[in-house]
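Working notes, structure below.
For clarity, every value in this text was computed on a predicted model and none was experimentally measured. Chain A is the first sequence line, chain B the second, and so forth, proteins listed ahead of strands; every chain is numbered from 1.
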Amino acid sequence: MTAYDVIVIGGGPAGLAAAVSAYGEGAKVLLIEREAKLGGILKQCVHDGFGLIEFKEKLTGPEYAGRFIEQAAATGVETRLLTFVTKIEKIADGFVISLVDRSGVSSVAAKSIVLATGCRERTARQVFIGGTRPAGIFTAGTTQHFVNLRGKMPVKKCVILGSGDIGLIMARRLSLEGATVEGVYEVKSTPSGLTRNIHQCLYDFNIPLHLSTTVTRCFGNDRLTAVEVAAVDEKMRPIKGTERIIECDALILSVGLIPENELAESIDVALDNRTRGPICDQNCMTSVPGVFSAGNALHVHDLVDYVSDCSRIAGKSAARFAKTQSKPERKLTQAAFDKNFLYVVPQTVDLNSDLSAVSVYFRSGYDMKARFVVRVNGKEVFSKRYSVLKPPEMEKVVLNLAEALKDGGKPEFALEDVTKLG
Amino acid sequence: MKNKDIKKIIKDVCQVSPDIKTELKDGCVVLSGELDDWQTIYEAGAAAASKRYLGVINNVRLKGKSDGIPVPDFFDEAAEGLKPDVLVIGGGIVGAACARELKKYNLDVLLTEKSYDVATGASGRNDGCVHVGIDLHKGQQKLIYNGRGNAMYDGLCKDLDVALEKKGHMILFKSNAEGRFFSALMKLRAKQNGIPGVKYLPREEALKIETGLPSWCSGVLYMPIGGIVSPYKLTVALAENAAQNGAKILLNTTVLGMKTENGKIVSVKTNRGTIYPKVVINAAGIYADKIAEFADDRTFTIHPRKGTNLILDKKRFDYAVTSITKSPFTKLKNNLGGAESMLASATSKSHTKGGGIVRTIDGNVLVGPNAREIFEREDYATDNADIDEIINKQKATAEKLTRGDVITYFSGTRAATYEEDFVVRKGIRTKNIIETAGIQSPGITAAPAIAEDAAKWAAEMLKAGKNPSFDGIRRGVPHLAQMDAMERDALIKKNPDYGIIVCRCEEISKGEILDALRSPLPAAGTVDGIKRRVRPGMGRCQGGFCMPLVVKIIADELGIPEAEVTKAGRGSLLLYGDKNAEGVN
C-alpha cells in the first residue's frame with residue numbers, strides 16, 4: 001500500500017488548489033478524481049467571468065481549470081483519474097482509503113486528507129413539485145452537461161425554476177442555442193444569483209424574472225407538456241387562485257446546491273446545519289483531526305476564485321499537519337455569530353494554531369446595508385462597513401486575531417443592519 | 001364483507017345515489033347510470049359488495065370521462081398470427097410469475113405488456129413488503145395465497161438471485177397493557193391464519209431487532225416471517241427467467257379487444273396484430289376488468305386506489321431497520337383517533353394497513369403509503385397534500401421525520417375490487433380464460449402462489465406435461481458495491497468496466513449497466529428500465545450526475561444516437577439531437 005502525506009479527494013478547482021499548495025509545503029501528495037479528466041464542474045462552464053480575483057483576467061471555466069491543471073502538472077503531485085473512493089478508515093497514524101478503478105480494488109494511506117468533493121444539485125422532488133415525472137425535467141447542471149460537454153439539446157421551450165447562478169447562466173446558454181426560455185421563476189422575493197448574472201444572462205436576453213413565484217406541478221406522461229406556476233406568500237406557500245399553466249417541454253431547476261459530505265459523515269466529521277459542510281477551524285480542519293475540507297464541499301462559494309483561495313489554506317494546513325511529528329493539541333473555541341448572518345465559516349478557531357491571518361467567509365441573511373463587527377470578550381477588535389450585503393454574494397475578510405485571543409476567549413461576529421438605522 | 005341480498009343492496013345503493021340503477025345479472029350485481037362525481041360512484045360500488053353474489057360490476061359512468069385501456073400511438077405486425085398455447089396479458093409480478101410457471105410445462109407461452117418494460121404498474125410502485133397476513137380474514141383468497149406465497153419466497157429469491165430479507169415486521173404499542181392485550185388477540189389470529197413465530201416483545205427485546213423504535217413505544221408485536229424484497233427487481237427476474245426458458249415477451253403491446261365464440265376466446269386483437277391463443281391468463285392489473293369484459297367473463301370491477309410513498313435518504317439510520325407500523329390501538333397526539341382506526345381495522349373497512357416505515361432491500365427508508373380512491377387508473381402524479389398527510393401521520397413512528405429527509409416519492413394505484421379480495425379463478429362464462437385480478441396488497445407476496453395455480457390450471461386445460469428442460473435458476477447482475485474487496489477485485493480484473501463508477505450515490509459501475517443491457521429482457525434500452533434493474537439514479541442526487549452518462553452507455557451499446565434513448569419508452573425523449581440545426585457534434 002502506497003503511503004502519502006496528503007491525499008486530496010476530488011480533482012475540481014478545490015482539489016487542484018489544495019493539492020498544489022500541499023505539495024508546495026513539501027508534502028507527498030495524491031490527487032484522486034473519479035472522472036476521466038481533472039477540472040470538476042468547471043469543465044462544463046464554458047462562459048467567462050472566472051479568475052478576476054485569482055488571475056486578474058476573465059477566463060472561461062475550462063481555462064481557469066487549465067491554469068491549475070498546469071500548475072499541478074508542473075509539481076510532483078500524483079494524480080489518479082477514473083478512480084472512486086469507496087471507503088475511508090481511520091488508523092492510528094492517519095487514514096486508509098479504499099479505491100476502485102479499472103485495475104481493481106486497492107488502498108492507499110495518508111497522514112492527512114482533504115475532502116474536495118464539491119456539491120450536488122437539489123432536484124424537483126426535493127423542492128416538492130407535484131404532478132407527473134416525464135422526461136424533460138433536468139437540473140441546470142445536467143442541462144449544462146448535455147449542451148456544453150456533449151453538444152446535445154435537451155430543450156426547445158423551457159421554464160427555469162430558481163435564480164441560482166447556474167440557472168441564470170443556462171437561461172443565456174439555451175437562448176444562444178436557439179431554445180426559448182419562457183421565464184425564470186424564483187420562490188424568494190430576491191434573486192439567488194449574482195446581480196451581474198441577472199443582467200448579463202436575463203435582462204440582456206429579454207428573459208423575464210418572476211420573483212415570489214414558483215413551479216407547483218408538472219404535466220405530461222412521456223415528455224413534459226406544461227408546468228403550473230403560482231405566486232407565493234411570505235412563507236413561500238403557493239397562493240390559491242394565482243396558478244397559471246405554461247406550455248413547455250422542459251423544466252430546468254437551479255434550486256440550490258448541497259455540499260457532498262457523505263464520505264465526511266462516514267468518518268464522523270461533524271456538519272454545520274447551515275452550510276451543510278463540515279464544521280471547521282481557521283485551517284479548514286474539520287472536527288476530525290487530519291481531515292480537512294475545501295471548496296464547495298465546505299460551503300457553497302459564489303466565485304471559484306474564493307474556492308481556490310480557501311482550498312490553498314486546506315492544502316497547506318493538511319501538509320503541515322502531515323509533516324508535524326508531535327502535533328500540538330487543538331484548543332478549539334466556538335465562534336459566535338448573530339442571526340443576521342446566513343452563515344459564517346470557520347465555525348471554530350483553534351487557539352493553539354496561528355491566528356494572525358484568519359480568513360472568514362460569510363453571507364448575510366437578507367439584503368442589508370451593514371457593519372460587520374468582530375468582538376472578543378465584548379471588545380470590538382475589527383469592523384467593516386458594507387454599503388450592500390446580499391445573501392447570494394459571499395464576503396471574505398482576513399483577520400488578525402492573534403493579539404485579541406492570546407489569553408483565550410471566543411470571537412463573536414455581528415452584522416449590524418444599518419439600513420434600519422437610516 | 002357483508003352478506004346482504006339484492007333488495008338490501010338496491011336500498012343501500014339508492015341511498016348513496018338514487019340515480020344509479022341496480023340489478024342482478026348472471027350472478028353479479030350490476031350498477032348503471034351516469035354521475036358527475038367519482039366518490040359517489042365508488043361508494044355505490046362499495047355498497048353493492050356482498051359475498052352472496054359473484055361480484056359487483058359497476059358500470060356507472062363518470063360524466064365526460066372514459067376509463068378504457070389507453071389506445072397506443074403505433075401499430076405494427078409483430079404479433080400477427082401468433083398462436084401461443086397460453087397468452088399472458090400483463091407484465092406485472094403476477095404475469096411475469098405466470099409466464100415462468102407456465103414454462104415448467106410443455107407450453108408455448110407469450111406475454112404481452114402494454115408498457116415499455118415489465119413492472120411499470122403496481123408491481124413497480126409499492127413498498128416491497130413480503131407480508132405476514134395478520135390482517136387477513138378466513139374466507140379471503142388473499143389469506144390463502146399470502147400464506148403460500150410467503151413460504152415460497154426464500155426458495156424463489158434464491159433461485160432467481162434476487163435479494164430478500166426476512167427481518168420481520170412489527171406493530172408498535174404505546175402502553176404495556178394495550179400491547180399485551182392486542183398481542184394476545186393477534187396471536188390467536190396468527191394461529192388461525194397459520195402464521196408462525198408471532199410474539200410480543202417488550203421494548204428492550206424489540207430494540208435488539210429494531211433500533212429505530214420511537215420513544216413512546218413500550219413494546220411490539222413481532223412477526224418474524226415478514227420480509228422485504230425489491231418488487232420490480234423480482235418482476236424483472238421472473239420475466240427474465242421465463243424468457244430464458246423460451247417464453248416470448250412482447251412489450252409495447254396493448255390488447256384492444258377479443259373475439260369469443262361458443263364460450264371460448266378465439267382471437268385477441270392488439271396494436272401489433274391479432275393473436276390466436278388456446279388459453280388466456282388475465283394478469284392485466286389495473287385494467288383486469290376491461291380484459292375480463294373483452295373475454296365476456298367479467299364478474300368484478302377494478303377501482304383504482306392511489307397510494308404515495310416517500311423515499312428517504314439511506315443516511316436516516318435512526319428510523320427503521322425492519323418494517324414497523326403503529327398499532328391502530330395506539331392513540332397519539334396529532335393522530336387519527338385510536339378508537340376510530342381500531343374500529344376500521346376490526347370491521348376491515350380500512351384498506352391500507354395504515355402505512356408505516358419500511359427499510360427497503362436497497363437500504364432506503366420508505367414512508368407511507370396513504371390511500372385515496374381515484375378515477376384515473378394510471379394517475380401516478382403526486383400531490384403535496386398526500387406528502388403532508390403521510391409526513392403528519394408517520395411522524396408518530398419516525399419522530400424526527402421532516403421534508404428535508406425526503407429524496408423523492410412516487411405514487412401507484414392499487415387494483416382493488418369492491419369485494420376487496422383477489423379474483424383468482426378459471427373462467428366462468430368463458431372456458432379458456434384464467435382470471436388473476438384484484439391483485440392489490442398482499443399481491444407481491446401472493447404472486448408466486450397465484451402463478452402456481454394459474455399455470456397448473458392452464459396445463460390441465462391443455463393437457464400439457466412437465467417441461468423436463470425447465471431451468472429455474474437465473475443469475476442477476478452482480479452488485480459490486482455490496483461485495484467484499486477480494487470478490488470485487490476479482491470481478492474487475494475480469495471485466496474492467498466494473499471498475500468505472502457511473503452512479504456515485506449508489507456506486508454503480510459501467511459494467512453493471514452493460515450487464516443489464518445484455519440481459520434476456522434488456523429494459524428496451526431506457527434510462528428508467530436500467531434504473532429499475534441496477535439503480536443508477538436512485539440515490540440522493542436522483543441521476544443529476546449519472547443520467548447523461550447512462551444515456552451515452554445505452555446509445556453506444558445499442559448503436560443508436562443518444563437522441564433516440566428514452567427515459568421510459570416511446571415519446572419520452574430526453575434529447576433533440578445535435579444542438580444546432582446544422583449539427584456540431
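Of all the listed residues (G131(A), A36(A), S106(A)), the one sharing the greatest number of non-hydrogen pairs under 4.5 Å with chain B is G131(A). Here T86(A) is the residue among T139(A), T86(A), L149(A) with the most heavy-atom pairs under 4.5 Å with chain B. When each of V527(B), T408(B), L574(B) is checked for heavy-atom pairs under 4.5 Å with chain A, L574(B) comes out on top. Ranked by heavy-atom pairs shorter than 4.5 Å toward chain B, the options P154(A), A179(A), A250(A), G130(A) are led by P154(A). Across N495(B), D489(B), L549(B), L491(B), the residue that shares the most heavy-atom pairs under 4.5 angstrom with chain A is D489(B). Residue with the most contacts toward chain A among K493(B), E378(B), M486(B): K493(B) (heavy-atom pairs, distance under 4.5 Å).
Contact annotation for A568(B): neither backbone nor side-chain heavy atoms come within less than 4.5 Å of a heavy atom of chain A. The contact between D383(B) and chain A is made by backbone and side chain atoms together, counting heavy-atom distances below 4.5 Å. Using a 4.5 Å cut-off between heavy atoms, K156(A) touches chain B through backbone and side chain atoms alike. Neither the backbone nor the side chain of T143(A) comes within less than 4.5 Å of any heavy atom of chain B. For chain B, the nearby part of S103(A) is the backbone; its heavy atoms alone come within less than 4.5 Å. Heavy atoms of E260(A) lying under 4.5 Å from chain B belong exclusively to its side chain. Proximity to chain B involves both the backbone and the side chain of R120(A), based on heavy atoms less than 4.5 angstrom apart. The part of I129(A) that comes within reach of chain B is its backbone (N, CA, C, O), which places non-hydrogen atoms under 4.5 angstrom from that chain. Heavy-atom distances place the backbone of R570(B), and not its side chain, under 4.5 Å from chain A. For I387(B), the part sitting under 4.5 Å from any heavy atom of chain A is the side chain, from C-beta outward, and nothing else. Heavy atoms of R122(A) lying under 4.5 Å from chain B are absent altogether.
Scored by the ring-ring contact (aromatic ring centres under 6.0 Å, His included) test, Y185(A) finds H210(A) as partners (sequence neighbours excluded). F75(B) pairs by the ring-ring contact (aromatic ring centres under 6.0 Å, His included) definition with nothing, not counting sequence neighbours.
Salt-bridge formation is detected for the pair E262(A)/R540(B): a Lys NZ or Arg NE/NH1/NH2 atom is positioned less than 4.0 Å from an Asp or Glu carboxylate oxygen. For the pair K552(B) and D556(B), the salt-bridge criterion is met [side-chain N within less than 4.0 Å of a carboxylate O]. In summary, D249(A) and K157(A) do not engage in a salt bridge, as defined by a charged side-chain N under 4.0 Å from a carboxylate O.
Ring-plane geometry between F138(A) and F146(A) is classed as perpendicular, the angle between the planes exceeding 60 degrees on a 0 to 90 degree scale with a lower cut at 30.
Here the CD1 atom belonging to I513(B) is positioned 7.0 Å from the SG atom belonging to C546(B), to the nearest 0.5 angstrom. Summarising the geometry, atom CG belonging to L263(A) is positioned 12.0 Å from atom NZ belonging to K87(A); distances are rounded to the nearest 0.5 Å.
A cation-pi contact, defined as under 6.0 Å to the ring centre and within 45° of the axis, links R504(B) to F545(B).
A distance-only check finds no donor-acceptor pair linking the side chain of K314(B) to the backbone of G539(B) [under 3.5 Å].
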Take Y116(B) and D222(A) through the side chain to side chain contact (heavy atoms under 4.5 Å, CB included) test and state the conclusion after the steps.
-> CA-CA 11 Å; Y116(B) 68 97; D222(A) 299 324; over 6 Å; no
